[in-house]
Amino acid sequence: METSFISTGLRLLAAGVLALGLAVAGAGCGGRASAVCSADPSPSSDAVLIDLALDANADGTPFAIGANLTSANGLDYKVSMLRFYLSHVEMVDGSGVARPAVLADAGGVPLKYGVTLVDFANPESQLIHVLAPPGSYESVSVGIGVPRDCSGGVGILNHENASEQTPPLDVDSDMYWGWDPGYVHFKIEGRVNAPNGARSFAFHLGDDKRYTTVSIPAKVDVAAPTHHHLHLDINRLFVSPSGDPTPDMTGATTSNNVHGGVEADTLANNLKMSGVMSWND
Amino acid sequence: MERLALSLWVVLTVGTLASCEDGNYEVAVPAGFPDLPIPAGNGLTEARVNLGKRLFYDKQLSRTQEIACGSCHLADNAFSDPRQFSVGVEGRIGGRNAPSIVNLAWNTSFFWDGGAPTLEQQVIGPIINPLEMDMKMGDVTDRLAQDPTYVAAFQDAYGTEPIPGSLTKAVASFMRTIVSGDSRYDRYQNGDRAALSESEKRGMAIFSGERGECFHCHVGFNFTNNGFRNDNLYAVYEDIGRAKITELESDVGKFKVPTLRNVALTAPYMHDGSLATLEDVVEHYSTGGVLNANSDPTIQPLDLTGEEKADLIAFLRSLTDETLIADPRFRADEVRP
């Protein structure tokens, strides 16, 4: 009787071990079965899917990759690359309460990492979708870049092994620094006709401290699926909040080949404070 | 009968686990070393280490198929590069001396500036660096996927196709097994009092005492504190080193304190290979080098005598691990003419 009891117990134990074995095998050898780290929390159950179409201009002139543009200080320039991560979209009401609007695909499924890559060479990437909580709002807040942490502060999003991630955080995203593992939040590259000749410029913003939250005045009522527009005035990237033409895309006064440092700080501050982004319905 | 069935179940179950289980590959850790640190999610298995070794010596990892990891980390040089700067694809020249990669399992950061926090992430750097392999990770694994033997090896190691995440883990696994701790110095430490000559013993005393002050940074079983120090090479550093990562003025000109194991084999020296010989290095520290804003306070002119310098160099030469250099587990399997 006792033997039979032990035997049954062992059988149950063996079944448990087998189940565990299958679970491990199912996760792939060496793969961790832990949940994917996302910058976004779960959407609220009453969230509404709204579209945000991103477009860009240079002080009103429509922007496109390779188009002839004129900077705020009168220089002719062209942009060959404009790419940035977007994350942590929040709807902010009149009393300043911010509620997360979760990044999603066109079908309303939250994005894996809670991060999307906007690439002006890929028009599809310029249409983003968020699951926003119903309400009346006075502004929209967006994060430019890959946040350091996963939602809830559990785990790291910006500095995990990129070779194990999928798009848009894959190692081949051309937004990843192998020498200082982490993602480039924002990249703009191009060519400017400087007084002393044509010059190439490349501004890459990386590092956790340059994750930039931009607050955009936006009177918006979220009740049913709607379509909205988010504009970027590229010229404003190169004008400080006090009106100075910095950072200098010609490289004459400050570096125009930037992977951090003071010029990257300046550009990040302009992105936040110089009215680069605006909203309309 | 029931018992037999149960036993079979258990055997099968354990078998299933073992094929995926982390950690069934044993690495002999020398006496005096801490346990080998293994990260969660990438335990050592024979399949992983073997795959990692094959990848380490495979030129397919570079865009032009000209160079492998092993092209710049040569076994005879304790897996460092005897050239001042390594040469990448199409003859591109890097800016730092390729360091020895022994005992990396215990390192807390990687690259001369410590940019990479894990060995797995370190593997990405040289592959995608335009001056080194100049390759996209996905292009590497697409290339490897054409070879059924690689497909099988990735499957055995990680249960995946050739994918970037498994590639970085495999190469890191191989590197983690390159453990060096069998020098004459080690034998002396382990009780063989005849292992070091009188000159080497005097050199050890200089190294470990106030005369040489070397031990402040080159400390412990691996002769490094894993820190970053400015070693007075230049008044103005063109390569800002650690500051490239931290963006702190106070880190300008600081570089990782390297292990000194096998140091006689790893010339040229310093982050930029600017000192050709051990004699040059000892002379540098004896004079104290050039003061700059971030000069390390422990580096002071020592004015070592000729005999002291010779003893110190003799000691440094006793840190060579001949067993490591000859170990077929780490050397390329075949040498092509």
Side-chain angles (χ1 to χ4, degrees), chain A residues 3-4 6-34 156 158-167 169-182 205-210 258-265, chain B residues 2-3 5-7 9-10 12-22 40-43 45 47-48 110-111 113-118 120-129 132 135-139 141 155-160 163-170 172-173 244-247:
Chain A
T3 310
S4 164
I6 291 171
S7 172
T8 306
L10 275 175
R11 206 159 46 211
L12 283 171
L13 180 67
V17 171
L18 178 64
L20 178 67
L22 291 174
V24 169
C29 306
R32 276 170 287 180
S34 56
I156 303 291
N158 193 23
H159 307 288
E160 286 292 354
N161 181 354
S163 73
E164 294 189 76
Q165 314 305 326
T166 55
L169 297 186
D170 58 307
V171 68
D172 292 330
S173 60
D174 195 27
M175 295 293 279
Y176 178 76
W177 280 338
W179 54 274
D180 183 12
L205 306 189
D207 206 301
D208 295 323
K209 63 178 177 249
R210 295 195 188 86
V258 169
H259 300 82
V262 176
E263 289 81 10
D265 290 339
Chain B
E2 194 176 304
R3 285 199 174 192
L6 176 65
S7 305
W9 257 39
V10 171
L12 284 171
T13 305
V14 171
T16 307
L17 278 172
S19 67
C20 274
E21 193 184 22
D22 287 349
N42 194 22
T45 68
R48 293 172 182 182
F110 305 87
F111 303 136
D113 54 26
T118 69
E120 282 75 6
Q121 283 167 292
Q122 181 279 324
V123 173
I124 298 169
I127 297 175
I128 70 173
N129 187 332
E132 299 181 49
M135 192 63 167
K136 282 189 173 290
M137 298 287 299
D139 291 345
T141 49
Q155 197 64 42
D156 283 352
Y158 291 103
T160 69
I163 54 171
S166 299
L167 182 149
T168 56
K169 286 177 170 179
S173 293
K244 205 175 163 198
I245 305 301
T246 64
E247 298 191 8

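Labels below follow one simple rule: chain letters A, B, ... track the order of the sequence lines, proteins then strands, and each chain is numbered from 1. Excluded from the calculations below are hydrogen atoms, water molecules and symmetry mates; all remaining heavy atoms, backbone and side chain alike, are included.
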Part of B:T246 within contact of chain A (heavy atom distance under 4.5 Å):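 For B:T246, backbone heavy atoms alone lie under 4.5 Å from chain A.
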Chain A heavy atoms under 4.5 Å from B:I245: which part of the residue, side chain, backbone, both or neither?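 When you check distances to chain A, atoms from both the backbone and side chain of B:I245 fall under 4.5 Å.
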Nearest atoms (heavy-atom pairs only) where [X] meets [Y]:
| X | Y | result |
| --- | --- | --- |
| B:G115 | A:P181 | O-CD, 3.0 Å |
| B:I128 | A:Y176 | CD1-CD2, 4.2 Å |
| B:F111 | A:W179 | CD1-O, 4.0 Å |
| B:T168 | A:S163 | OG1-OG, 2.6 Å |

For the residue pair B:K169 and A:E164, establish whether any side-chain heavy-atom pair is separated by less than 4.5 Å.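 With C-beta onward as the side chain, the pair touches.
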Is there a side-chain contact between B:K244 and A:H259, using heavy atoms and a 4.5 Å cut-off?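 They are not in side-chain contact.
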Reported OG-to-CE distance for the pair A:S173 and B:M137, which is rounded to 0.5 angstrom: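 With rounding to 0.5 Å, OG (A:S173) is 12.0 Å from CE (B:M137).
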Kindly compute the distance separating OG1 (B:T141) from CG (A:D172), expressed to the nearest 0.5 Å.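 Between B:T141 OG1 and A:D172 CG, I get 7.5 Å after rounding to 0.5 Å.
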So which part of A:D170 gets closer than 4.5 Å to some heavy atom of chain B, the side chain, the backbone, both or neither?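 For A:D170, there is no contact with chain B at all, as no heavy atom is under 4.5 Å.
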Check: A:N161 side chain, B:Q121 main-chain N or O, donor-acceptor pair, under 3.5 Å: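 Here the side-chain-to-backbone pair does not exist.
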